[in-house]
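Worksheet for the structure shown next.
So that the names make sense, note that chain A is the first sequence line, chain B the second, and so on, each numbered from 1.
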Amino acid sequence: NAGVTQTPKFQVLKTGQSMTLQCAQDMNHEYMSWYRQDPGMGLRLIHYSVGAGITDQGEVPNGYNVSRSTTEDFPLRLLSAAPSQTSVYFCASSPWPAYGYTFGSGTRLTVV
Amino acid sequence: AQRVTQPEKLLSVFKGAPVELKCNYSYSGSPELFWYVQYSRQRLQLLLRHISRESIKGFTADLNKGETSFHLKKPFAQEEDSAMYYCALSEGYGQNFVFGPGTRLSVLP
């Protein structure tokens, strides 16, 4: 039982490049979320999903896309990277939000 | 709208001293509240959820609806408690899961 797995762990992008951050969970959780973590700002919700085929925007969705074709996978796409997207990105999953979320180990992204 | 505040960015205590990490929230319904801990460069780990009324690693937290607070307490801090602590709130039935800005706890020898 691997939990929530994120790849890559580290990434450097040039401004304007696109990429996909991968997230997979093997706990059959319906709820999945992407957060970004920035100093002094805590974690801010980017996008979330309440099940396969269902996604919605969080607090800071601009510049990011998501899809949820399977229960297990929830990739995050950066369409055209900007330096403001330099951050640590965490994926999380939950069977039900009231139980709390299980987090992945994070992806540290630097946009130059 | 939900909001979670943690007034202290940094809290330093000596080993063996009591610790209280403050968390206040604003939410009109009945919230589910959590504390998460993040050790240096590691993933966030669920420490406590108020619904469970459990004690993990000597930490406890009590929901005070009158003061809209969910402070985290430990009677005797240990050096291994040094970490970033986040308070979080969930509506319970919806997706919104909101984190506070976090408090860095430093336990000095």
Side-chain angles (χ1 to χ4, degrees), chain A residues 2-7 9-10 21 23-25 27 29-51 54-61 66 68 74 87-109, chain B residues 1-10 21-25 27 29-54 56 59 61 63 70 72 83-104:
Chain A
V4 180
T5 303
Q6 290 184 240
T7 55
K9 291 191 185 303
F10 302 94
L21 308 186
C23 176
Q25 53 94 5
M27 298 172 284
H29 287 172
E30 289 296 323
Y31 291 79
M32 295 187 76
S33 298
W34 275 102
Y35 290 88
R36 59 178 289 172
Q37 183 182 39
D38 301 293
M41 305 189 75
L43 283 89
R44 292 180 292 169
L45 183 64
I46 305 171
H47 284 286
Y48 65 92
S49 170
V50 300
I54 306 169
T55 64
D56 207 345
Q57 297 179 352
E59 180 186 357
V60 288
V66 292
R68 183 103 180 266
F74 191 44
S87 187
V88 182
Y89 291 85
F90 286 99
C91 180
S93 73
S94 175
W96 184 251
Y99 294 158
Y101 274 81
T102 299
F103 280 79
S105 58
T107 295
R108 188 172 293 271
L109 176 69
Chain B
Q2 310 162 27
R3 192 158 175 257
V4 178
T5 58
Q6 295 178 250
E8 303 134 331
K9 287 186 178 179
L10 174 65
L21 298 163
K22 292 184 167 54
C23 172
N24 289 90
Y25 66 90
Y27 178 59
S30 293
E32 304 292 342
L33 285 148
F34 306 83
W35 277 99
Y36 279 81
V37 60
Q38 185 180 30
Y39 300 103
S40 180
R41 292 188 173 254
Q42 293 187 24
R43 72 183 69 198
L44 278 83
Q45 301 173 41
L46 179 61
L47 183 62
L48 282 178
R49 48 188 161 207
H50 94 269
I51 195 171
S52 303
R53 295 182 176 275
E54 56 202 342
I56 304 292
F59 285 98
L63 177 61
F70 188 57
L72 184 68
M84 201 68 184
Y85 290 81
Y86 291 97
C87 184
L89 177 153
S90 168
E91 290 177 346
Y93 59 88
Q95 169 61 30
N96 278 335
F97 201 89
V98 180
F99 285 84
T103 297
R104 180 169 299 282

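- For an aromatic pair to be called close, the ring centres must be under 6.0 Å apart, and B:Phe97 with A:Tyr31 fails this.
- Summarising the geometry of A:Gly104 relative to B:Arg43, their closest heavy-atom pair is O-CB, 3.1 Å, with the distance given to 0.1 Å.
- Residue A:Glu59 does not touch chain B at all, counting heavy-atom pairs closer than 4.5 Å.
- Here the side chains of A:Trp96 and B:Glu32 are not in contact, with every heavy-atom distance at 4.5 Å or above.
- Heavy atoms of B:Leu46 lying under 4.5 Å from chain A belong exclusively to its side chain.
- Among A:Tyr99, A:Phe103, A:Phe90, the residue making the largest number of heavy-atom pairs under 4.5 Å with chain B is A:Phe103.
- Here the two rings, on A:Tyr35 and B:Phe99, have centers that are under 6.0 Å apart.
- Pairing each heavy atom of A:Pro97 with each of B:Ser90, the nearest pair is CB-OG, 3.5 Å.
- With values rounded to the nearest 0.5 angstrom, B:Arg41 atom CZ is found 13.0 Å from A:Lys9 atom NZ.
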### Message
Please determine whether side-chain contact (heavy atoms from CB on, under 4.5 Å) holds for the pair B:Leu44 and A:Leu43, giving the CA-CA distance in whole Å, both sets of side-chain angles, and the decisive distance to 0.1 Å.
### Response
CA-CA 10 Å; B:Leu44 278 83; A:Leu43 283 89; 3.9 Å; yes

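- Of the two parts of A:Arg108, only the side chain, counted from C-beta on, holds a non-hydrogen atom closer than 4.5 Å to a non-hydrogen atom of chain B.
- Of the atoms belonging to B:Arg104, not a single heavy atom falls under 4.5 Å from chain A.
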